[in-house]
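Any value given below was found using the heavy atoms of this structure, including those in side chains, with hydrogens, waters and symmetry copies removed. These numbers were taken from a predicted model, which means no experiment stands behind them. As the structure lists them, so they are numbered: ligands from 1, and atoms in each ligand from 1.
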Amino acid sequence: MTKTPLLVANWKMHGNKLRVAQFAQQVSPHIPSQIEAVFCPPYPYLHIPPKGPLKLGAQDCATTQEGAYTGEVSASMLRDIGCEYVILGHSERRQHFEEHESMIATKAVAALQVGLVPIICIGESEREREEGLTVKVLERQLSTLLPLADGLVIAYEPIWAIGTGKTPTLNQIEEAHGFIHAQLAKTARDSAPHVLYGGSVKPTNIREILALKAVDGALIGGASLEADAFVTMLRATAEAKGL
Ligand code: PGA
């Protein structure tokens, strides 16, 4: 069975009320029925996009569902307002907020408990790639997640490709995705989890990346901020996957 490709717009800490509303309005009519498109604006704007073909995702969630944790937002709250997905373990959260493997796995469990699909980001730094440690790093980052494999989406995001305009070669992407799929297959019982690529995806390179069989979609930062570009990438995805 062919998987439904997944395209995720990660707005990080960008946007405002108007831009979020306009993006949802402009993108929604152009989502091909065979593609799942997910919009992840910052928390305060999650209520703005109307319910429809553009699915809603958050950029993080807490490790527990409620309690005395000032400033935190729980998975159950996100579900309550209509989110279907949550990005977890993004390298920016690992780097700036000291998130580590066990914390990310706990957040994934909290998300799965309430029916949110966790999109978990993994990937090596430039130094780790140069030192030939890519597979080791991916193995370590996946180790706590494998017991949950059935419910997850994994995004392979080499840190050195995020927001830099640099992308790995198609061979490097294929190799990393092949390794991730093989690891997940060890524990996934029901279905083969989606593995997305992320890091400087844009309208000019998405087609060749998505044409790789091992790539089930993309997690897009900067290039998702413009509705036109996102619509172009939705079309390119449909073409790349022969839909
Ligand atoms: P980028 O970000 O597309 O701007 O490189 C991707 C991401 O961080 O998810």
Problem set entry | Side chain proximity check, V231 to Q26, heavy atoms < 4.5 angstrom |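 No, their side chains stay 4.5 Å or more apart.
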Exercise. Got I154 and L142 here, is their nearest side-chain heavy-atom distance under 4.5 Å?
Worked result: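 Yes. Closest side-chain heavy atoms under 4.5 Å.
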Backbone or side-chain N or O of [X] under 3.5 Å from ligand 1 N or O:
{"X": "G221", "value": "yes"}
{"X": "A223", "value": "no"}
{"X": "K12", "value": "yes"}

With heavy atoms of [X] as the reference, note each atom of ligand 1 found under 4.0 Å away.
{"X": "G163", "answer": "1 (P), 4 (O), 5 (O)"}
{"X": "A161", "answer": "5 (O)"}
{"X": "I162", "answer": "2 (O), 5 (O), 8 (O)"}
{"X": "H90", "answer": "7 (C), 8 (O), 9 (O)"}
{"X": "G222", "answer": "1 (P), 3 (O), 4 (O)"}

Exercise. Where does N10 meet ligand 1, judged by heavy-atom distances below 4.0 Å: at the side chain, the backbone, both, or neither?
Worked result: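 It is the side chain that touches ligand 1; the backbone stays farther off.
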For this session: Report the part of A155 (side chain from C-beta onward, or backbone N, CA, C, O) that has a heavy atom under 4.0 Å from ligand 1; answer both or neither where that applies.
Result: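 For A155, no heavy atom sits under 4.0 Å from ligand 1.
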Exercise. For K241 and L210, which heavy atoms make the closest approach, and how far apart are they?
Worked result: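 Scanning both residues, the minimum pair turns out to be NZ-O, 2.7 Å.
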For this session: Sort out for me which residue in E126, E130, E124 forms a side chain to side chain donor-acceptor pair (under 3.5 Å) with W160.
Result: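 The passing option is E124.
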Problem set entry | contact_flag S91 ligand 1 heavy-atom lt 4.0 Å |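 No, S91 has no heavy atoms under 4.0 Å from ligand 1.
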Problem set entry | G199 touching ligand 1 at heavy-atom level, < 4.0 angstrom |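 Flag set, G199 near ligand 1.
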For this session: Compute the centroid of each ring, for F230 and then for F39, and state whether the two points are separated by less than 6.0 Å.
Result: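 Distance test on ring centres: not under 6.0 Å, no.
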Exercise. Is the distance between the ring centroids of F23 and W11 under 6.0 Å?
Worked result: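 Judged by ring-centre distance (under 6.0 Å), F23 and W11 do meet the cut-off.
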Problem set entry | Sole residue of L46, V38, V117 in side-chain contact (heavy atoms from CB on, under 4.5 Å) with C83 |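 Going through the options one by one, the only one that passes is L46.
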Problem set entry | Atom pair NZ/CD1 of K12 and I87 - distance to nearest 0.5 Å |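 Reported value, rounded in 0.5 Å steps: 9.0 Å.
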For this session: Specify the protein heavy atom at minimum distance from atom 9 (O) of ligand 1: its residue, its atom name, and the distance to 0.1 Å.
Result: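 The protein heavy atom lying closest is E157 OE2, 2.8 Å.
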Problem set entry | Ion pair R94/E101, N-O distance below 4.0 Å |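 Yes, this pair counts.
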